[in-house]
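Quick notes on the structure that follows.
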There are 2 protein chains.
Amino acid sequence: METGRSLMDAVRERCGRCAGRSVSICNAIDDNDLPVLVAESSRVTVPAGRCFIEEGAPAHDFYVLTGGRARLFSLMPDGRRQIIGFAELGDFLGLASSDSYAFTAEALGDVNLCRFPHSSIDRLVERFPRLRCRLQQEASGELVKMQARLMLLGRKTARERLASFLVEQAVPCCAHGRAVKDEHGPLTLPLPMSRTDIADYLGLTIETVSRTFGLFKKEGLISVKGASSVTLLAPGTLSSIANGIRQG
Amino acid sequence: METGRSLMDAVRERCGRCAGRSVSICNAIDDNDLPVLVAESSRVTVPAGRCFIEEGAPAHDFYVLTGGRARLFSLMPDGRRQIIGFAELGDFLGLASSDSYAFTAEALGDVNLCRFPHSSIDRLVERFPRLRCRLQQEASGELVKMQARLMLLGRKTARERLASFLVEQAVPCCAHGRAVKDEHGPLTLPLPMSRTDIADYLGLTIETVSRTFGLFKKEGLISVKGASSVTLLAPGTLSSIANGIRQG
DNA sequence: GAAATATCTTGATATAAATCAACATATCGA
DNA sequence: TCGATATGTTGATTTATATCAAGATATTTC
């Protein structure tokens, strides 16, 4: 059974070591069934700055992000940009599309992906009904996040927006399920995106973002190392600011 | 077969005459199978101003809106409100929730609904696999709309927001699939929501909404009858403004 | 490792939209 | 039908954030 053996090797290589295995939609599929997953998908590597989904282009594939981070955004004709989200490990991309993609996805650093053609997802879903539920769950979670972002963009102040952003970035760094509180002590986060990205994510200008970082620093809420790393010194206070409970 | 006959009568009563039948998720189910749908759901009538979904409450049910309109919103602790959307005929409510609802739903006028407990949807989906696709499609469409709303709230001016709102309200009034253009001539829309609702939907204040209505009126883009009805005199121009192509 | 370039921060000023305030119109209840 | 209440409009002023403009750090390139 040479074929069987080498297939298992391929699977071990692809899914066995995949960092996204347990957090992505792939966790709806048993280890035993991984060969099917491998057969229906292909691995893609995208260098920093390259787009792998283009707004308006025909939507043929879904992607699972298995390494690195990406910015998702739309543009207005005059170049105004709104960043929809920062995709991270395990995120499923391409749900928000009918015939064509509703956003562009661009690698922040180097990015690893698994590409699933729509037809592959159809076959997988047919074979593993649990996957359908998992996709549904993914869509629901995405919708809930979107609603929170509407509140942020429609009704929050610049301070509240930046605080919300920092707390949101901290969530994956925290123990699962726990809220962000002061008691957890300082929390250091990487910020792989530029200030411009943060501004376009929060509906602000780069200057306002920079100034607000400055204020938080002065107030002892954060400390900054070289613009691409922050330490939350008072995560709970930031969380209160984010929710409009406390103003500073 | 008296039972059979009366059941068919009940079905004819409930789904046969339902205005939402062809636009809601129910269109994934054949006429022959409607009795199952009737058995798994119940009709609900909600008087004007009453909430039928409460943000944070445990999410037990989905709803299909079959008459009237509803405002969906979240609140911040200090009362700031963001309207997530205005639900209309055929809309499927409750997808954006995990254990608890992510928004409150409040009847604008009197509202008719079909309530589907989660368990009923599970059974229906098991029995009619096409329904799963339809739900997926519903979620995708919702996500695409949400992304457009992020751009609106994050990057558009007051003029662009109101123009976007008016064009959006016009879509269900247009022939299906056609874009809103000037050639279609004047388009009269009911506006069942208050100015405050519109403001909270667009991330503006009531005064700014009112002033922008005033400007559009003066510029001959719209005419207004008693605050709850607008006529779009130049739908195409409004559409250009909405997309930031033209500023006035 | 120094120059060149890009990114970020900080300051001065402008402005779109918010807030405060008065008035007008519509809706409702007796 | 009329007064009372809610809702919407318009005007004057304030303010949070954008814009304009330098300067300061990073980062990259040779």
Side-chain angles (χ1 to χ4, degrees), chain A residues 47-49 71 76 78-82 108-109 152-165 190-219 222-230 241 244 247-248, chain B residues 47-49 71 76 78-83 108-109 152-166 190-219 222-230 241 244 247-248:
Chain A
R71 60 173 84 88
M76 287 180 66
D78 61 1
R80 275 176 282 176
R81 186 176 72 154
Q82 177 64 46
L108 270 169
L152 182 144
L153 293 173
R155 288 300 181 217
K156 289 189 183 179
T157 65
R159 277 177 75 80
E160 290 165 352
R161 292 182 200 202
L162 188 63
S164 301
F165 169 74
L191 291 184
M193 64 291 286
S194 69
R195 292 289 185 266
T196 304
D197 285 338
I198 298 175
D200 285 349
Y201 182 64
L202 299 178
L204 300 170
T205 58
I206 179 178
E207 293 95 332
T208 299
V209 169
S210 192
R211 272 185 255 275
T212 309
F213 264 111
L215 285 173
F216 284 172
K217 235 186 301 185
K218 201 183 304 179
E219 295 166 22
I222 63 171
S223 73
V224 175
K225 270 252 156 77
S228 64
S229 163
V230 218
I241 294 171
Q247 56 122 17
Chain B
R71 61 174 83 87
M76 287 180 65
D78 61 1
R80 275 175 282 175
R81 186 176 71 155
Q82 178 64 44
I83 290 190
L108 271 169
L152 182 143
L153 293 173
R155 289 299 181 217
K156 289 189 183 179
T157 65
R159 278 176 75 80
E160 290 164 352
R161 293 182 199 202
L162 189 63
S164 301
F165 169 74
L166 292 173
L191 292 184
M193 65 291 285
S194 69
R195 292 291 185 266
T196 304
D197 286 337
I198 298 175
D200 285 349
Y201 182 64
L202 299 178
L204 300 169
T205 57
I206 180 178
E207 293 94 332
T208 299
V209 169
S210 192
R211 271 186 256 276
T212 309
F213 264 112
L215 284 173
F216 284 172
K217 235 186 301 185
K218 202 184 300 179
E219 294 167 22
I222 62 170
S223 72
V224 175
K225 268 257 157 74
S228 64
S229 164
V230 217
I241 294 171
Q247 56 119 17

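In what follows, every heavy atom counts, from backbone to side chain, and hydrogens, waters and symmetry copies are set aside. The chains referred to below are lettered A, B, ... by the order of the sequence lines, with proteins before strands, and numbering in each begins at 1.
A side-chain contact (heavy atoms from CB on, under 4.5 Å) with A/L202 is found for exactly one of A/Q82, A/R161, A/K156, namely A/R161.
Summarising the geometry, the separation between CZ on A/R159 and P on D/dA16 is reported as 12 Å, rounded to the nearest angstrom. In this structure, CD1 of A/I198 is placed 14 Å from C1' of C/dT9, rounded to the nearest angstrom. One can place CZ of B/R195 at 19 Å from P of D/dA6, the figure rounded to the nearest angstrom. A straight line from CD1 of A/I222 to C1' of C/dT9 spans 13 Å, rounded to a whole angstrom. Distance B/K225 NZ to C/dT25 C1': 16 Å, rounded to the nearest Å. In this structure, A/L204 places its CG atom 11 Å from P of D/dT19, rounding to the nearest Å. B/L215 has its CG atom 14 Å from the C1' atom of D/dG11, to the nearest Å. Computed from coordinates, the A/D197 CG to C/dC8 P distance equals 8 Å when rounded to whole Å.
In terms of modelled atom types and a separation under 3.5 Å, the side chain of B/R195 and the main chain of B/A227 share a donor-acceptor contact. Under the 3.5 Å distance criterion, the side-chain polar atoms of B/R155 are matched with a main-chain donor or acceptor of A/L204.
Nucleotides of DNA chain D nearest to A/R161 and B/F213 differ in position, and the one nearer the 5' end is that of B/F213.
Which of D/dC20, C/dC20, C/dT9 sits closest to the side chain of A/E207 comes down to D/dC20. In this structure, the nucleotide among D/dT17, C/dC8, D/dA21 sitting nearest to the side chain of A/T157 is D/dT17.
Proximity of A/S210 to the phosphate of C/dT9: a side-chain N or O atom is located under 4.0 Å from OP1 or OP2. The side chain of B/T208 contributes an N or O atom lying less than 4.0 Å from OP1 or OP2 of C/dA18. For D/dT7, neither phosphate oxygen OP1 nor OP2 lies less than 4.0 angstrom from any side-chain nitrogen or oxygen of B/S194.
The distance from the OG1 atom of A/T196 to the CD1 atom of A/I206 is 3.5 Å, given to the nearest 0.5 Å.
Remark: the A/R211 side chain and the C/dG11 base include a donor-acceptor N/O pair separated by less than 3.5 Å.
The shortest heavy-atom contact between B/T208 and B/A158 is CG2-CB, 3.8 Å.
Across all strands shown, B/T205 has heavy atoms under 4.0 Å from base atoms, whether or not it also approaches the sugar-phosphate.
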